[in-house]
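Here's the structure we're looking at; comments come further down.
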Amino acid sequence: MNYWLMKSEPTCFSIDTLQSLPKKTTAWDGVRNYQARNMMKDQMQRGDLAFFYHSNCPVPGIVGIMEVSSQKAYPDPTQFDPSNDHYDPKAHPDKPIWWLVDLTFKRKFTSVISLAALKNHPQLSDLFILRRGNRLSITPITEPQWHIILSMADHPL
DNA sequence: GCCAACGTTGGC
DNA sequence: GCCAACGTTGGC
């Protein structure tokens, strides 16, 4: 199994919204970056775990954990919907461009593991999201990184 | 295939 | 709201 970090702007879609959904599950739609798409399409497997990261908000950071819950990736339906913000006129149902997986809520931390806290941790200097100028909305997390970050959860600075 | 211009991301 | 950094686009 693999570990991931997935960003979302909480004003757009937050971990609280995910938790409130009927099956606490969402299709991670709207990703329009090829690197991020490829990770969902080619690498993610059911049972993989992902940190939920809130970006572009007062305290950016990791707020909880989700699990990949679809058996495999499938076409993002919003690419075919002209009324959707993420409509892609180049995509056709017989030749989709954008793929996604489903994610299910696992837990929410009692406090945010802030970006500042991640930056301050001496063993997390290689964290993908901390690399200069990184903007990828989905990044891999190594197993050691996963456990270090988990150990920071529920222990505010 | 180069690269300038443009749009987007996201921390601050 | 600013702006650095990056991805994408499109002319050539």
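Only a predicted model underlies this, so the values are computations on that prediction, with no experimental measurement involved. Letters A, B, ... mirror the listed sequences (proteins, then strands); counts begin at 1.
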Below 4.0 angstrom, N of the basic side chain to O of the carboxylate: do Asp42(A) and Arg37(A) qualify?
-> no
Report yes or no: do Ser14(A) and Asp16(A) form a side-chain donor-acceptor pair below 3.5 Å?
-> no
Given dT9(C), dG10(B), dG11(B), which nucleotide is nearest the side-chain atoms of Glu9(A)?
-> dG10(B)
In whole angstrom, what separates [X]'s [atom1] from [N]'s [atom2]?
| X | N | atom1 | atom2 | answer |
| --- | --- | --- | --- | --- |
| Arg135(A) | dT8(C) | CZ | P | 9 Å |
| Asp85(A) | dT9(B) | CG | P | 11 Å |
| Asn33(A) | dG7(B) | CG | P | 18 Å |
| Leu115(A) | dC12(B) | CG | P | 5 Å |
| Leu5(A) | dG10(B) | CG | C1' | 14 Å |
| Lys7(A) | dT8(B) | NZ | P | 16 Å |
| Leu136(A) | dC6(C) | CG | P | 11 Å |
| Asn56(A) | dA5(C) | CG | P | 18 Å |

Does the gap between the ring centers of Tyr34(A) and Trp98(A) come in under 6.0 Å?
-> yes
So, for Trp28(A) and Phe52(A), is the gap between ring centers shorter than 6.0 Å?
-> yes
Hey, is the side chain of Tyr53(A) poking within less than 4.0 Å of OP1 or OP2 on dG11(B), counting only N and O atoms?
-> yes
Within less than 4.0 Å of OP1 or OP2 of dC12(B), is there a side-chain N or O belonging to Lys119(A)?
-> yes
